[in-house]
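Working notes, structure below.
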There are 2 protein chains.
Amino acid sequence: MGVGTTGQGGRMSKGSRRQVTLEDVARLAGVSASTVSRSLSMPHMVRASVRESVLWAVSRLGYVPHGAARALARRRNATIGVIIPSLRFTVFADLVESLQAELGAAGYSVLLGHAGSDLRYEADQATALLSRGIDALVLVGNAHDQSLERMATNTGIPVVTTFDYRLDAPYPCVGIDNQAAGRALVDHLLDLGHTRIAALMPDERFNDRAARRLAGVRGALADRGLALHPQHLVLGDGAAEVGRAAMAELLGREPSPSAVVCFSDLVAIGAVVECRARAVSVPGAVSVAGFSGIGLAELTHPAITTVSFSAVDIGREAARLVLDRLDGDGQAPSVEVPHRLEQRASTAAPGP
Amino acid sequence: MGVGTTGQGGRMSKGSRRQVTLEDVARLAGVSASTVSRSLSMPHMVRASVRESVLWAVSRLGYVPHGAARALARRRNATIGVIIPSLRFTVFADLVESLQAELGAAGYSVLLGHAGSDLRYEADQATALLSRGIDALVLVGNAHDQSLERMATNTGIPVVTTFDYRLDAPYPCVGIDNQAAGRALVDHLLDLGHTRIAALMPDERFNDRAARRLAGVRGALADRGLALHPQHLVLGDGAAEVGRAAMAELLGREPSPSAVVCFSDLVAIGAVVECRARAVSVPGAVSVAGFSGIGLAELTHPAITTVSFSAVDIGREAARLVLDRLDGDGQAPSVEVPHRLEQRASTAAPGP
DNA sequence: GTGCCATCTGCAAACGCTTGCAGGTAGGAT
DNA sequence: ATCCTACCTGCAAGCGTTTGCAGATGGCAC
């Protein structure tokens, strides 16, 4: 490129004008590059008058520090990697937004990766982020690909996991007790008198939160001498359309359930919609419960019983943990975020 | 630091084991650093046998390239900045996810910033991303703070805007024609026979998409000799709860509207919920229309009439534009993403 | 006027990777 | 056997900042 005759030695193509460097600012301000650097990141180390003229030069030139160079010299990227299954799920969007706010306030940026529900793909994303340069990694759940774990220990960067709190977690984590939450939901239904309880959930092999919830569901049933009928377990990921389809499937099965727990509110909403479409009364003919407590679950008709918790809180606490590992003493413990059963209109005692 | 007596010269604190470098790999593979570098990024330039032993050394050492160093040397970050109002809005989450997928496939990562609805804050985020090192910037809408625009031209990085297509856009853009969309929605209501039409929308001063839609609304009304009654304009940002509140407000006003257009589907959902709570029939007593075509709008009862478009398409096209500016010939033109009026059950001819 | 101290400032060496250039090697043609 | 030509590989010079160290500067006490 650049065969032109334009002198000056300057590039012309594609807006790649040479970037303004510390050196340029230094020259204009009549000081050395080190002084400029210090004026910007350790202001107290330079005399006020000098600092002032440096600042003037900076703004005159529109100088913007070069992040990569800074990261290289400082051996710190000021960037946190966050890998989530998908932004389409409100809870993860909330997590990211919350993380971003907290970390941003502490001077860190968020580099985002999407993993779908495939641990293998998650590991790939992690590699990408790692080689892009991150100081810490935030993940969802406690089940991860071996290669990811190895990478994490190799590079020695802190990892924090979210949404699943458990004592034996491999990394510091912040989340809810999914097992207890699953149990609470089913206990509620059992207390209402249900015995034929079904579950609409993601494949537990790819989703350790779902696995824990399912364990809670089974546990609660077992405690009353009941069990989850094989016909009562329908797999499906967290979209409303999926909830509809899964509910349709379920309604055609024998024995027919009197209550359905969904591991996501959107799925529950879809399930309710399907019921209405088939003139199956909720909660008259079948009770439906959701999970996560997204705002919408409260507005539907009927309002949906759910286990609610705050993804925003999870994000905030996760950010705290990350910052503790990075700038603190690294001792901050995992935190359990509370969940609460929200009894609403979509669940009731089973009909006769 | 490190006053300890542990030999080896190795650091011990906080997992900051010295990072494995190209040099280390080179030594183990018995070649020079350049060869390792080339083996990894220009494989065809190195003999297969050599490459193989390099790769072996790489995996043995668990070498991960240092992004900052690479970015510094290459003068390219392989990172794209994306600033959106908030992830809480489905459309923006879809945008980000789509962008991330497309850009990721091309080897770029996404650095995320949230701007709320404040242009000033957006500019701050842009500064942060810029100094973190990005090769291009994706924004929402075509109205931005002057300082942001100055920064963009100064640094010369490509900017692509989304969600608002217009011929006079300052940067290449991809989005819908918001004015036409607003007009289409109101024309639909006018065709049904409505004359008292209200709008629930964000403050147009902070949201140029809303401003354009409003222009469309006013235009459509004017064409039929009508106008938006001042009492019929209620401000409120895009959450369902806000829609409820705004609808409550609106129902108390005189003259009472016979139809309400909401500039977001969630707001429309909230509005419908509020109507039900007050036993105001939709569409019997009042028609309600939404905007964006999120999946949920189809599942509510009644299903909500809306102008739908694909945020995923916008993301994909925006990614194309970015890549064109970065790796292509930079000639790819702005693209208008189509919108479509989805007539559903929430709108009907006004009652007597 | 001299000497000492406290503050500031500049020098230069990293940080880890890329890449133009030149040298080396091996294989084929003569 | 010799020379030429590809094809590989290594050297070393950056890329823009940070930061330990030492030198410079100025103020103050004597």
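- Under the 3.5 Å distance criterion, the side-chain polar atoms of B:E97 are matched with a main-chain donor or acceptor of A:L87.
- The rotation axes computed at either terminus of the helix from C:dG1-D:dC30 to C:dT30-D:dA1 lie 50° apart, taking five pairs at each end and rounding to 10 degrees.
- The A:R75 side chain lies nearest to C:dC15 when the options are D:dT17, C:dC15, C:dG16.
- Judged by distance alone, the side chain of B:S334 and the main-chain N or O of B:C173 form a donor-acceptor pair under 3.5 Å.
- Side-chain contact check for B:Y121 versus B:D145: every heavy-atom pair is 4.5 Å or farther apart.
- To the nearest 0.5 Å, the span separating CD on B:E122 from NE2 on B:H114 amounts to 12.5 Å.
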What does the list of N/O pairs under 3.5 Å between the protein and nucleotides 22-26 of chain C look like, with a distance for each?
none

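- In this structure, the CZ atom of B:R27 is 14 Å from the P atom of D:dG10, given to the nearest Å.
- Under the side-chain hydrogen bond (donor to acceptor under 3.5 Å, both in side chains) criterion, B:R38 pairs with no residue at all, not counting sequence neighbours.
- Closest approach of A:I314 to A:G175, counting heavy atoms only: CD1-CA, 4.1 Å.
- Under 4.0 Å is where a charged nitrogen must lie from a carboxylate oxygen, and between A:D124 and A:R120 at least one such pair does.
- A heavy atom closer than 4.0 Å to some atom of DNA chain C occurs in B:Y63, B:P65, B:H66, these being the qualifying members of residues 58-67 of chain B.
- Remark: B:R76 engages B:D327 in a salt bridge, criterion side-chain N to carboxylate O under 4.0 Å.
- In this structure, the CD atom of A:Q19 is 11 Å from the P atom of D:dC15, given to the nearest Å.
- Within 6.0 Å of OH on A:Y171 lie more than 12 heavy atoms contributed by other residues, nucleotides or ligands.
- Distance B:R70 CZ to D:dG16 C1': 18 Å, rounded to the nearest Å.
- For A:F163, the ring-ring contact (aromatic ring centres under 6.0 Å, His included) partners two or more places apart in sequence, or in a different chain, are A:F92.
- Note: CZ (A:R76) to C1' (D:dT17) measures 16 Å, nearest angstrom.
- As a whole-Å value, the separation of A:R74 CZ from C:dG16 P is 16 Å.
- Inter-residue side-chain proximity for B:Q19 and A:T155 is flagged as unmet; no heavy-atom pair is nearer than 4.5 Å.
- Side-chain atoms of B:D135 come within 3.5 Å of backbone atoms of B:N77 as a donor-acceptor pair (strictly under, hydrogens ignored).
- In the set C:dG10, D:dT17, C:dC17, C:dC17 carries the atom at the smallest distance from any side-chain atom of B:L22.
- Distance A:L72 CG to D:dG16 P: 12 Å, rounded to the nearest Å.
- In this entry the distance linking CD of B:E23 with P of C:dC17 reads 9 Å, nearest Å.
- Side-chain contact check for A:P170 versus A:N142: some heavy-atom pair is nearer than 4.5 Å.
- Side-chain contact between A:I80 and A:L326 is present, with at least one heavy-atom pair separated by less than 4.5 Å.
- For the segment residues 32-53 of chain A, residues with any heavy atom less than 4.0 angstrom from an atom of DNA chain D are, sorted by number, A:S34, A:S37, A:R38.
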